[in-house]
2 protein chains.
Amino acid sequence: MSHKSDIEIAQAKQLKHIKKIAKKLEVDEDDIEMYGKYKAKLPLYLIDDEKAKNNNLVLVTALTPTPAGEGKTTTSIGLTEGLNKIGKQATVVLREPSLGPVFGIKGGAAGGGYSQVVPMEDINLHFTGDFNAIEKANNLLSALIDNNLQSRTNNLNIDPRTILWKRVIDMNDRSLRQITIGLGGTANGIPREDGFNITPASEVMAILCMATSLSDLKERLGNIFIGFTFQNKPVFARDLKAQDAMAILLKDAIKPNLVQTLEENPAIIHGGPFANIAQGTNTIIATKMGLSLSNYVVTEAGFGADLGAEKFLNIKSQYAGLNPKCVVLVATIRALRHHGGSPKEEYNSPNLERVKNGFKNLEKHIENIQKFNIQPVVAVNAFTSDTKEEIGFVIAKCASIGVQAVLAEGWAKGGNGMTDLAAAVVDVVENKATVFKPLYNWKSPVVEKIEKIAKEIYGAVAVDFDNKAKLNLRRIDRLGFNDFAICMAKTQKSFSDNEKLIGRPEGFTVTVREIEIAAGAQFIIPILGKMMRMPGLPAVPASENMTIDNNGVISGLS
Amino acid sequence: MSHKSDIEIAQAKQLKHIKKIAKKLEVDEDDIEMYGKYKAKLPLYLIDDEKAKNNNLVLVTALTPTPAGEGKTTTSIGLTEGLNKIGKQATVVLREPSLGPVFGIKGGAAGGGYSQVVPMEDINLHFTGDFNAIEKANNLLSALIDNNLQSRTNNLNIDPRTILWKRVIDMNDRSLRQITIGLGGTANGIPREDGFNITPASEVMAILCMATSLSDLKERLGNIFIGFTFQNKPVFARDLKAQDAMAILLKDAIKPNLVQTLEENPAIIHGGPFANIAQGTNTIIATKMGLSLSNYVVTEAGFGADLGAEKFLNIKSQYAGLNPKCVVLVATIRALRHHGGSPKEEYNSPNLERVKNGFKNLEKHIENIQKFNIQPVVAVNAFTSDTKEEIGFVIAKCASIGVQAVLAEGWAKGGNGMTDLAAAVVDVVENKATVFKPLYNWKSPVVEKIEKIAKEIYGAVAVDFDNKAKLNLRRIDRLGFNDFAICMAKTQKSFSDNEKLIGRPEGFTVTVREIEIAAGAQFIIPILGKMMRMPGLPAVPASENMTIDNNGVISGLS
């Protein structure tokens, strides 16, 4: 067991040159674009749809998490190490961390312990500039909108009160949530209300995640819905001729990034965190890239399976024709204690009764995955405070409902602690392969799609639509957006829209407050409860404890 | 003469791999950090102060420019090609373009015609992410300030009305000039006025340009002056423990970038545009890097010599111990016609009388350079509308005052059009070498330093200080910042603070409206007239005419 911090473990690793990692994927060094010695971009021509179809996709998701998270990224990386240990050629395909939370409470997202992707500092900071490119593309559109409001010659007559498009910044900055802009007189534009969301919440991020090519990206950018004219006509980004300039800003961001795991296996990292408010998985391009170059691809979807996995399956897999052959459900004893009624202070105190009681949360997630015609494997992400009895209970209880549960020790032991899980996953992929079945068809009516998710995945008995949501439904119909996918915005803390209902709540109703439109991404976004698109910093920001010495060695980054 | 656009010329060029360009500088490929195949970062350990001292620094500046600019970057690149043509080992060291103006009127800043640095698209867009890193470091400090205002446990008691630190974004976006933030209730912070400047106007950019090492960078970041507490105590970035996190964000941005010219000579591009509001030259680190690796370094300073060159000499060269051996003053016949009274519509109409009359502007710049004990060479940047008589007059008139003027045809012919200028520069460097003498000593009193620049460089008869400026002077004294350099903010269109006074105005007074402080950069910034820190977009933004095809080929970018 290690007492080193994540960054100390990562820094102690002697990294392989990225061209050697590319070679493991049979990619020539001339085909990659290096960003320093340990990062590279992969060109889109390496995607091979035929190869991608024949390789094996494994999705890692989790039970309903505690605020600290249950280690999906760590498990995804560790499982990839484990698969390689038992002789499979496997690549992990992950989402990119957002910079904002690195200086807040959450920290980065490059795994932990002996299951990390490296160089973790770069991955958690600017990486290869993708988030910056997304931010600039988003904010160019904002500048073009406000410039048009001010224009005498090309004015589109946009009603400033109807503008839905917000600016973004990859920073935890609560004071930018609600602002007024254009103050100070005629030279400074038209005064109006605006606000900044955090960059991963940008529709440009969603579009990048859904795009299948540069031309598709451009078309989607042009389809972004901005608001209405004073004559109530919809206005799109293409009306401002913005799509090409935005695509130019994204010309490198569309290419997936290659790095390595601590055990020198390939890791592709590209796009998409924040599954509570966005689709929360890496880009379609990255997943297909991994599947084109590797026999096994391990990927993850954010938060609990009711959010990330539901979206990965119904939105991404259905749209892109992906067929996940196995779903790994990450559970921790700590989270099971939580769902069994443990107060926060006792998360790390062994309590078999609470684990037994909390199992119902995991069981509902297992049932949900089976609704997609996929066989789950449960990974019990090991903590030092776990007891044998607690772990034994989970394994036996899962077995009793026909699901294999395996102790996963990637954090402490890297790939050596993950060979059992790897074997269980290979067993499902090779012997229990299924044909994945989405829960709903995009072409179904909007209300039917929303109700299907709420009832079958969340376990709600009914869905209420507030007046605003009903108006939004009519607008969606008028604009012809009925065939879009449903991208739910809901708390990650409960199956329901009430974060206090832990475990497996029953008999509850969810309320759709309002429904947003991301026309470029082709998402309809029902908002359940109050969702925050811009986090704040804590009383003591993580930045205060970060240091960099005169040789550039960083500490305090997690 | 070419009828191709700049981007077409640049795209037609088959680029050399950046490791081959590094080799020309005797830098091994293992020592560079590649960003794709045609860009790289140079590590700071390649700087060798001894070598740097023995090599030759040439500064390119200009007469008072017209709004379109007179081609300093084009001349700097062309001169570098010319020097290499005549057997000198020369590198051009330039500033990085700002992204905002690329979508506005001005376009990028990578030279023009057959004197360009490439890949021009990348250089003009995100390049290696330096501006993004500067933006994030700046805005992290903003978020920490607003978070502290909101904090119950660590509140520094900052008076929000005194906060001088603004947010930045690399976008032409007038509607962000003046905003109110923190609206929407207690969860969203403390309401206050704020605004966004364009990123190159950030003090973080100035600090990066002045820093000599990572430890120096950190110290300067900590010294940023933010505002006052309610008890009137000054507050610095170090009081928020921000300097290490900011330096972490800048750990790669501090390294200069290597690219190539169209003739495959090395180009180092790093930091610093906007000499009207900032110091407007590349970083000290980049200039020293060039001088460590190359016998000749050609560099430029923004706008006219009264702004960029004055700052390059008094601020940068004095601080960093640089000794520019020759100054190239770029003049165009077009600009001379302008200073001789030509209306804008007749800039391209030959008119010897106007050129004769406009020469007085160039003559004043020549005299100014000589005050620094440096011998200037005049480069007449050739335009197709120039006549032999006009060019002949400038060359003869310069000769009559002991200065060599040379026709520079870099735009049309690349290095082949610049060998005469190169020979003239080598003659000065080898035979008329001087020891550069700054105009003022940093340790002189603030008012004396300001008056020296205004009277000796601008030709003013007096300097008026508005009441606000007088208050600012007392604040500077109280805070102990008297020994800082003077970084004037003044219109680039005139020697005076009135942009209408073209040519060589005389008998005028300049007015210091207010004086800002950049304590981390060690700059005192007198504001002469109304200076804009955030440009707007034009009625038809350049973005509207940009396209990117399905293969990623861009057009309409300039």
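Below, chains carry the letters A, B, ... as their sequence lines are ordered, and counting in each starts from 1. For clarity, every value in this text was computed on a predicted model and none was experimentally measured.
Interatomic distance, CE of A:Met34 versus CE of B:Met34, reported as 5.5 Å (0.5 Å rounding).
Contacts of A:Thr153 with chain B are made by side-chain atoms alone, with heavy-atom separations under 4.5 Å and no backbone atom involved. For chain A, no part of B:Pro191 is nearby; none of its heavy atoms comes within less than 4.5 Å. Proximity to chain A involves both the backbone and the side chain of B:Lys136, based on heavy atoms less than 4.5 angstrom apart. For a residue to count as touching a neighbouring chain, one of its non-hydrogen atoms must lie under 4.5 Å from one of that chain's; by this rule B:Ala187 touches chain A with backbone and side chain alike. Contact annotation for B:Ile181: both backbone and side-chain heavy atoms come within less than 4.5 Å of a heavy atom of chain A. With a 4.5 Å cut-off on non-hydrogen atoms, B:Arg192 does not touch chain A at all. Using a 4.5 Å cut-off between heavy atoms, B:Ala242 does not touch chain A at all.
The residues B:Lys251 and A:Asp122 are annotated as salt-bridged, a charged nitrogen and a carboxylate oxygen being separated by less than 4.0 angstrom.
Ring pair A:Phe196/B:Phe196 is parallel by interplanar angle, where below 30° counts as parallel and above 60° as perpendicular.
Of residues 169-177 of chain A, those residues with a non-hydrogen atom less than 4.5 Å from any non-hydrogen atom of chain B are, in numerical order, A:Ile169, A:Asp170, A:Met171, A:Asn172, A:Asp173, A:Arg174, A:Ser175, A:Leu176, A:Arg177.
Residues A:Glu193 and B:Leu183 have side chains not in contact (no heavy-atom distance under 4.5 Å, counting atoms from C-beta outward).
A distance-only check finds a donor-acceptor pair linking the side chain of A:His126 to the backbone of B:Leu249 [under 3.5 Å]. Judged purely by atom type and a 3.5 angstrom limit, A:Asn154 uses its side chain to pair as donor or acceptor with the backbone of B:Ala539. Side-chain N or O atoms of A:Asp244 include one that pairs as donor or acceptor with a backbone N or O of B:Ile548 at under 3.5 Å. A donor-acceptor distance shorter than 3.5 angstrom exists from the side chain of A:Lys37 to the backbone of B:Asp30, with no hydrogens or angles considered.
Residues passing the side chain to side chain donor-acceptor pair (under 3.5 Å) test with B:Asn545, sequence neighbours excluded: none.
When every heavy atom of A:Pro538 is checked against every heavy atom of B:Asn147, the shortest pair comes out as O-ND2, 2.9 Å.
Interface check for chain B: of the options A:Asn148, A:Asp146, A:Ile179, the most heavy-atom pairs under 4.5 Å are formed by A:Ile179.
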